[in-house]
2 protein chains.
Amino acid sequence: MATSFAEENYLKIIYRLSESTLEDISTNAVAELTQTKAASVTDMLRKLAEKGWVNYQKYQGVRLTEEGEKIALSVVRKHRLWEVFLVDKMGFNWDEVHEIAEQLEHIESEALINKLDEFLDFPKTDPHGDPIPNKEGILPELSYVHLSDLKENKACVLMGVAKDSAVFLQLLTRLNLSLGAKLMVKEINSFDRSISVSINDSEPVFISHEVAKNILIKLG
Amino acid sequence: MATSFAEENYLKIIYRLSESTLEDISTNAVAELTQTKAASVTDMLRKLAEKGWVNYQKYQGVRLTEEGEKIALSVVRKHRLWEVFLVDKMGFNWDEVHEIAEQLEHIESEALINKLDEFLDFPKTDPHGDPIPNKEGILPELSYVHLSDLKENKACVLMGVAKDSAVFLQLLTRLNLSLGAKLMVKEINSFDRSISVSINDSEPVFISHEVAKNILIKLG
DNA sequence: AATATTTTTTAGTCGAGGCTAAAAATTTAT
DNA sequence: ATAAATTTTTAGCCTCGACTAAAAAATATT
Ligand SMILES: [Mn+2]
Ligand SMILES: [Mn+2]
Ligand SMILES: [Mn+2]
Ligand SMILES: [Mn+2]
């Protein structure tokens, strides 16, 4: 069955919300991310339920079916592969690609996306460290930790970000924080939980708790 | 002003029709190419006229304004650049790319299309030999001739096709006819105007007038 | 347990971009 | 110059995906 841009966006957003909770997703939560009103969401949820892509009972919230999740994962796959393309091949910065990928993720061609995957050498993660589903819809397992949860004097590597807004990414860039940077927390200030962190063995810089929370790292 | 997919498709089609005539374009001609009904076209022409992209007076046919032509050329540029990408970088055949490019041509990012242009080494023509407008909207001058207009025993090179339907392209491929092929017309049959043509110095094969008409060549 | 607040759904509307059927204008044929 | 045929427009309707305002249900507070 064919999926419209609007339907794909809803499914993708329900998927994203489902990643961080086991509970059913509320109408309002969907409305916030789709940038629409709750009434519009209710309409769409009924439609998605009719097509068998979500389980939805009024007032009970919504949850993806297997088929719905499959579609969502294919949109996520396309979004992230196109982001890799834009950064690795087109020379964009990581804070410039999200909006363009929001458009490209709706291009419908199984053949194209698989050739693109190959062209990019089957990347496991996108420019923000987010995992890319393979063509069967399987996500690679990544066990990342928030920089804010790290103890002092442990070496680690920046593997991703938990938020990909342009302003946040630009801030990281200004601090010389990019994927692969070697980090070590030198000091944690109990007052505001800000941290002092050394980046690639340079002089430590200060980072707010808010920023540290959105930086994903792996140990070692 | 923002342009919808539908508007871009209409402008592109009016542009295409304008290439082969100096007269105003008829509602029916547009309807045929957009695969819609004349009544729908009338509606859209009124809308395009309101936005200043076409000159349109009822019953008089339609013609692009400068601004309308600029938009049409930018869509054509995107379409053809993406086709080059699909063939040269993704490994598609020339008969497989049109449908995908129909989608990609609507991706809105000036920055992306200019980076793509550079990535592809500023190609002058697409995989079907059609000229690609540069970022100022200037088309390279190509003076191609139809193979059906050629005299016997003149050497020439296949530079493009005047029709890019998949079946036609597949036929050419089966005949070993691709861009750059060296051709020489050995015989013209006055009965049905079919021709006998040698391809890359091999034994001559028969080609119908209909096919020859849609093959573009340059002399020498 | 009753009431106040918040969330969600319903009802009705809108614009975009299609459609069909009928009317009007234009073009072609007699 | 009429009449016939063709083309184009108008009128009215439809679906999709939004919206607002009002009603209903669920949840929180006293
Ligand atoms: Mn993104
Ligand atoms: Mn990303
Ligand atoms: Mn094409
Ligand atoms: Mn082409």
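Per chain, numbering begins at 1; letters A, B, ... match sequence-line order. Computed from a predicted structure; not experimentally measured.
Between A:Ser4 and D:dC16 there is no side-chain polar atom (N or O) within less than 4.0 angstrom of OP1 or OP2. OP1 or OP2 of D:dT8 lies within a sub-4.0 Å distance of a side-chain N or O belonging to B:Asn28.
Residues forming a side-chain contact (heavy atoms from CB on, under 4.5 Å) with A:Thr173 (at least two apart in sequence, or on another chain): A:Trp94. With sequence neighbours excluded, the residues that form a side-chain contact (heavy atoms from CB on, under 4.5 Å) with B:Ile188 are B:Glu152, B:Val185, B:Ile195. By the salt bridge (charged side-chain N to carboxylate O under 4.0 Å, His left out) test, A:Asp88 is found to be paired with no residue, residues two or more places apart in sequence or in another chain being considered. The salt bridge (charged side-chain N to carboxylate O under 4.0 Å, His left out) search around A:Arg193 returns none, not counting sequence neighbours. Partners of B:Arg16 according to the salt bridge (charged side-chain N to carboxylate O under 4.0 Å, His left out) rule, which considers only residues two or more places apart in sequence or in another chain, do not exist here.
Within the structure, the ring pair (Phe, Tyr, Trp, His ring centres under 6.0 Å) test picks out the following pairs touching residues 65-86 of chain B (sequence neighbours left out): A:Phe85-B:Phe85, B:His79-B:His98, B:Trp82-B:Phe85. Sequence neighbours left out, the pairs with a member in residues 106-133 of chain B that pass side chain to side chain donor-acceptor pair (under 3.5 Å) are B:Glu8-B:His106, B:Asn9-B:His106, B:Arg77-B:Asn114, B:Arg77-B:Asp117, B:Glu83-B:His128. Identified under the side chain to side chain donor-acceptor pair (under 3.5 Å) test for residues 56-65 of chain B, with sequence neighbours left out: B:Asp24-B:Arg63.
As a whole-Å value, the separation of A:Arg46 CZ from C:dT8 P is 16 Å. Atom CD in B:Glu50 sits about 13 Å away from atom P in C:dG15, given to the nearest Å. For A:Leu45 and D:dC16, the CG to P distance is 16 Å, given to the nearest whole Å.
DNA chain C is contacted by A:Ala38, A:Ala39, A:Thr42 of residues 31-44 of chain A, taking any non-hydrogen atom closer than 4.0 Å. Remark: A:Ala6, A:Tyr10 in residues 5-26 of chain A come within less than 4.0 Å of DNA chain D through at least one heavy atom. Within residues 54-65 of chain A, the residues approaching DNA chain D are A:Tyr59, by heavy-atom distance under 4.0 Å.
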Donor-acceptor pairs are to be reported for all side-chain atoms of residues 134-142 of chain A against protein atoms at under 3.5 Å, with residues two or more places apart or in another chain.
unit_1, atom_1, unit_2, atom_2, d
A:Asn134, OD1, A:Glu136, N, 2.8
A:Asn134, OD1, A:Gly137, N, 3.1
A:Asn134, OD1, A:Ile138, N, 3.0

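With no hydrogens or angles considered, a side-chain donor-acceptor pair links A:Asp192 and A:Ser194 at under 3.5 Å.
Residue B:Lys89 places its NZ atom among more than 12 non-hydrogen atoms of other residues, nucleotides or ligands, all under 6.0 Å distant.
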